[in-house]
2 protein chains.
Amino acid sequence: MAVTIRDVAKLAGTSITAVSAALNNSSGSTIRVSQATRERIYDAAAQLGYVSNPIAKSLATGKTKVLGLMLPYADAFVDQNPFCNQVMSGIMREVVHRHYNLMLYTATSGIQKDRAAMLVDSRIEGLLLVMPPEDSAIFLKCKKRNIPYVSILDRPIAGSWSVNSDDYTGGRMAAEHLVRLGHKRIAHLMGSQDVSTSQPRARGFRDTLELAGIEVQEELIVQSGFDWRLGMDSTQQLLQRGLKHMPTAIFAANDLCAEGAIRAIRASGLSVPDDIAVVGYDDTWYATLTQPPLTTVHMPIEEMGEMAARMLIARLEGDDSIDPQPVLPVSLTVRNSCGAFSAPFVDGTKSSPAVRQ
Amino acid sequence: MAVTIRDVAKLAGTSITAVSAALNNSSGSTIRVSQATRERIYDAAAQLGYVSNPIAKSLATGKTKVLGLMLPYADAFVDQNPFCNQVMSGIMREVVHRHYNLMLYTATSGIQKDRAAMLVDSRIEGLLLVMPPEDSAIFLKCKKRNIPYVSILDRPIAGSWSVNSDDYTGGRMAAEHLVRLGHKRIAHLMGSQDVSTSQPRARGFRDTLELAGIEVQEELIVQSGFDWRLGMDSTQQLLQRGLKHMPTAIFAANDLCAEGAIRAIRASGLSVPDDIAVVGYDDTWYATLTQPPLTTVHMPIEEMGEMAARMLIARLEGDDSIDPQPVLPVSLTVRNSCGAFSAPFVDGTKSSPAVRQ
DNA sequence: CGAATTTGATAAACCGCTTCATCAAACGAC
DNA sequence: GTCGTTTGATGAAGCGGTTTATCAAATTCG
């Protein structure tokens with residue numbers, strides 16, 4: 001049916017060995033092919049429309065040039081999470097660039113975790129894990145079958161390769177921005193406790209206030225969550241404490257949580273940013289849709305995907321020089337929800353004029 | 001390194017033929033294995049932890065049990081489109097259920113279309129195309145290499161397999177809902193002209209008004225788009241025409257467009273739904289976030305993915321009884337942006353009491 | 001010019017699995 | 001008891017590539 005290496009050899013009047021060597025014109029091979037035969041082979045291949053069969057190649061070489069991508073429990077992510085999209089986009093970019101392919105798996109909650117892990121077959125050389133649960137059976141399977149993997153994660157895991165973003169600095173940046181704008185009473189709506197990103201962000205937030213000589217008021221640091229309803233509820237509670245104790249700024253757990261905060265603030269007749277400034281986290285596309293558009297900490301999501309793919313490929317190709325747990329830098333995307341662009345911070349960083357003193 | 005069929009055969013004291021037959025205990029094979037040897041083989045396999053090598057299997061059988069999934073130009077979809085997520089989720093469900101695997105491709109705009117098509121390698125048995133551009137080189141490649149494909153599409157393509165949703169009825173449903181609520185002056189913000197979903201939806205809209213004896217006012221049917229900015233702009237123009245000519249309801253191109261409409265209405269001091277009712281399209285997760293939550297036409301996106309996978313697999317397995325161009329039904333998700341649940345329509349359909357006469 | 005080396009080419013083994021062709025033994029029917 | 005049929009089992013030939021070992025011819029060199 002399909003045209004094989006033998007057909008090409010026959011037409012070119014050579015051996016299949018020569019064809020194989022000529023077509024993978026990598027210098028690594030010990031086989032030598034003269035320029036003349038090489039060209040006859042090229043011609044024959046072109047004439048027949050020969051395409052190498054990657055399956056046969058894989059069987060012979062033991063390499064497949066395929067990576068696996070394990071997405072988290074689909075159901076939870078289906079609708080609401082642009083995160084996966086963006087990570088995939090970054091991964092894809094690198095994978096295509098390096099001439100690899102991607103096999104998709106999801107840890108569907110419908111089937112047992114074991115089953116999901118079983119599905120990772122030997123066609124893949126390595127695995128990319130997006131936000132794997134800590135106890136995932138995948139880790140064991142990978143170790144057992146000796147499949148290298150890299151996780152894209154909210155926390156570093158000891159002894160395993162992963163890509164992380166700099167949550168601590170993210171917390172600092174949000175806080176610094178607000179401090180620069182003159183805020184003294186800043187609230188922080190923390191993300192859910194079981195997601196470990198929440199801790200370093202909160203630490204960054206606290207450290208920044210201290211550095212600025214602002215006393216951290218514990219009653220302004222509240223447990224909230226990544227949902228807008230939670231953000232709204234928490235904010236309502238903050239606002240009910242009376243004017244004296246109300247914050248002048250809120251650092252929310254993420255963009256959706258910030259949306260909830262904004263709604264609560266408005267519902268109580270106050271204005272964002274005039275009465276209360278709001279900062280989000282993640283910089284998803286949603287951040288441009290809030291009213292006013294949200295100032296938010298930008299996570300380099302695509303870059304994280306790209307980096308993960310790069311690390312995995314490097315590892316597969318025997319490059320040991322790569323950092324197994326890189327921390328990618330975050331940045332602050334300034335929009336209108338704080339009413340201002342940056343003002344000088346206590347450490348003397350230069351900046352634009354302050355808006356609120 | 002890995003344990004092979006030969007190792008199992010040796011341990012069980014049989015031939016590799018027997019092992020192969022026993023382990024694929026499909027009745028299709030002509031090879032017969034006694035119960036006794038079968039069990040010895042099972043034991044040996046379990047003891048060695050044998051896992052079949054799918055690559056070798058593929059090479060021998062010519063089947064890979066892998067489908068390709070081609071996503072549209074990544075850049076445009078990265079952030080804002082939950083559509084791909086949902087389609088993927090549906091596809092994944094079916095693919096896992098049928099014990100297939102999924103290889104991911106994207107028609108990245110960075111590389112030429114030809115390159116993208118080249119990347120579809122012979123490891124896949126069939127291809128699922130999400131919203132392929134009409135002129136895509138993929139179609140040719142697939143035909144040439146004889147790879148069956150199914151598209152998930154906004155329009156049926158003659159002579160090719162595709163899954164569509166019933167846009168015409170979607171347009172009707174939106175209009176009927178508004179007519180039932182007593183609206184006479186209903187505007188329609190049409191989607192962009194180059195996306196062919198826009199036409200049937202508009203037809204459904206028009207036909208419904210006519211059926212209800214409401215004159216279709218051409219100046220209320222305007223070209224808009226799938227972006228919230230476009231929705232806002234179009235709506236502002238509608239509102240500037242003065243009270244007499246203002247619509248009492250708007251059927252938007254999609255949920256984001258509806259968001260724009262809502263903003264424009266609010267900005268001009270009017271209320272949704274009291275002054276103007278708004279209906280969206282798609283029922284993405286975003287529809288719950290608008291204020292008020294959006295009444296919108298629900299597209300069965302996941303089901304479309306599932307159906308596409310089912311069709312492709314059926315086709316691969318020689319099932320000819322399947323409809324090559326199914327049209328999936330839409331429904332109306334009623335929330336608060338029209339202020340009411342359904343009222344009787346002119347055709348006599350029964351319903352709940354009307355809110356506006 | 002003869003020996004050593006390089007160059008060009010190939011046959012054959014192999015990757016791990018399926019499957020066809022073949023065959024001996026057991027079984028049933030007459 | 002003989003003959004046809006079923007049952008159980010196997011060797012060997014692929015599938016389409018890569019790679020090792022081998023070899024003849026051409027080239028280099030003292």
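Nothing here was measured: the structure is a model prediction, and the numbers come from that model. Residue numbers start from 1 in every chain, and the chains themselves are labelled A, B, ... in the order their sequence lines are given, proteins ahead of strands.
If you measure from atom CD1 of B:I41 to atom P of C:dT18, you get 12 Å, rounded to the nearest angstrom. We find that CG of B:N24 is positioned 10 Å from P of C:dC17, with the value rounded to whole Å. Here the P atom of nucleotide C:dC15 and the NZ atom of A:K63 are 16 Å apart, to the nearest Å. The interatomic distance linking A:N53 (CG) with C:dC17 (P) rounds to 17 Å, in whole Å. Rounded to whole Å, atom P of C:dC14 lies 18 Å from atom CD1 of B:I5. With rounding to whole Å, B:L59 atom CG is found 9 Å from D:dG14 atom C1'. At whole-Å resolution of the value, CZ in A:R123 and P in C:dC17 are 13 Å apart.
At the heavy-atom level, A:I16 lies under 4.0 Å from base atoms of the strands shown. Within the 4.0 angstrom heavy-atom criterion, base atoms lie near B:T17.
Note on residues 30-58 of chain A: no pairs pass ring pair (Phe, Tyr, Trp, His ring centres under 6.0 Å), not counting sequence neighbours. The ring pair (Phe, Tyr, Trp, His ring centres under 6.0 Å) pairs that include a residue from residues 122-146 of chain B are B:F139-B:Y149, where partners are two or more places apart or lie in different chains.
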Could you pull out the protein-nucleic contacts involving nucleotides 24-29 of chain D (nitrogen or oxygen on both sides, under 3.5 Å)?
none

Give me, pair by pair, the N or O atoms of the protein and of nucleotides 7-9 of chain D that are less than 3.5 Å apart, along with how far apart they are.
from	atom 1	to	atom 2	distance (Å)
D:dG8	N7	B:R32	NE	3.4
D:dA9	OP1	B:S34	OG	3.3
D:dA9	OP1	B:T37	OG1	3.3
D:dA9	OP2	B:S34	N	2.7
D:dA9	OP2	B:S34	OG	3.0
D:dA9	OP2	B:T37	OG1	2.7

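Applying the 4.0 Å criterion to OP1 and OP2 of D:dT18, one finds that A:K57 has a side-chain N or O inside that range.
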Which donor-acceptor pairs under 3.5 Å do side chains of residues 54-61 of chain A form with protein atoms, sequence neighbours excluded?
from	atom 1	to	atom 2	distance (Å)
A:K57	NZ	A:N24	OD1	2.9
A:S58	OG	A:P54	O	2.8
A:S58	OG	A:K63	O	3.1
A:T61	OG1	A:K57	O	2.8
A:T61	OG1	A:K63	N	3.1
A:T61	OG1	A:K63	O	3.4

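Residues passing the side chain to side chain contact (heavy atoms under 4.5 Å, CB included) test with B:R98 are B:E94, B:Y100, B:I313, B:E317, sequence neighbours excluded.
B:L128 is listed as a side-chain neighbour of B:L312, based on a closest heavy-atom distance under 4.5 Å. Considering only heavy atoms from C-beta on, B:M88 comes within 4.5 Å of A:L104 through its side chain. Side-chain contact between A:M307 and A:P300 is absent, with no heavy atoms from C-beta onward closer than 4.5 Å. Annotation: side chain of B:L67 is in contact with side chain of B:L316 (closest heavy-atom distance under 4.5 Å).
In this structure, the nucleotide among D:dG17, C:dC17, D:dT18 sitting nearest to the side chain of B:S52 is C:dC17. Distance from the side chain of B:R6 is smallest for C:dC17 among the nucleotides D:dG17, C:dT19, C:dC17.
Closest of all the heavy-atom pairs between B:A18 and B:V33 is O-CG2, 4.0 Å.
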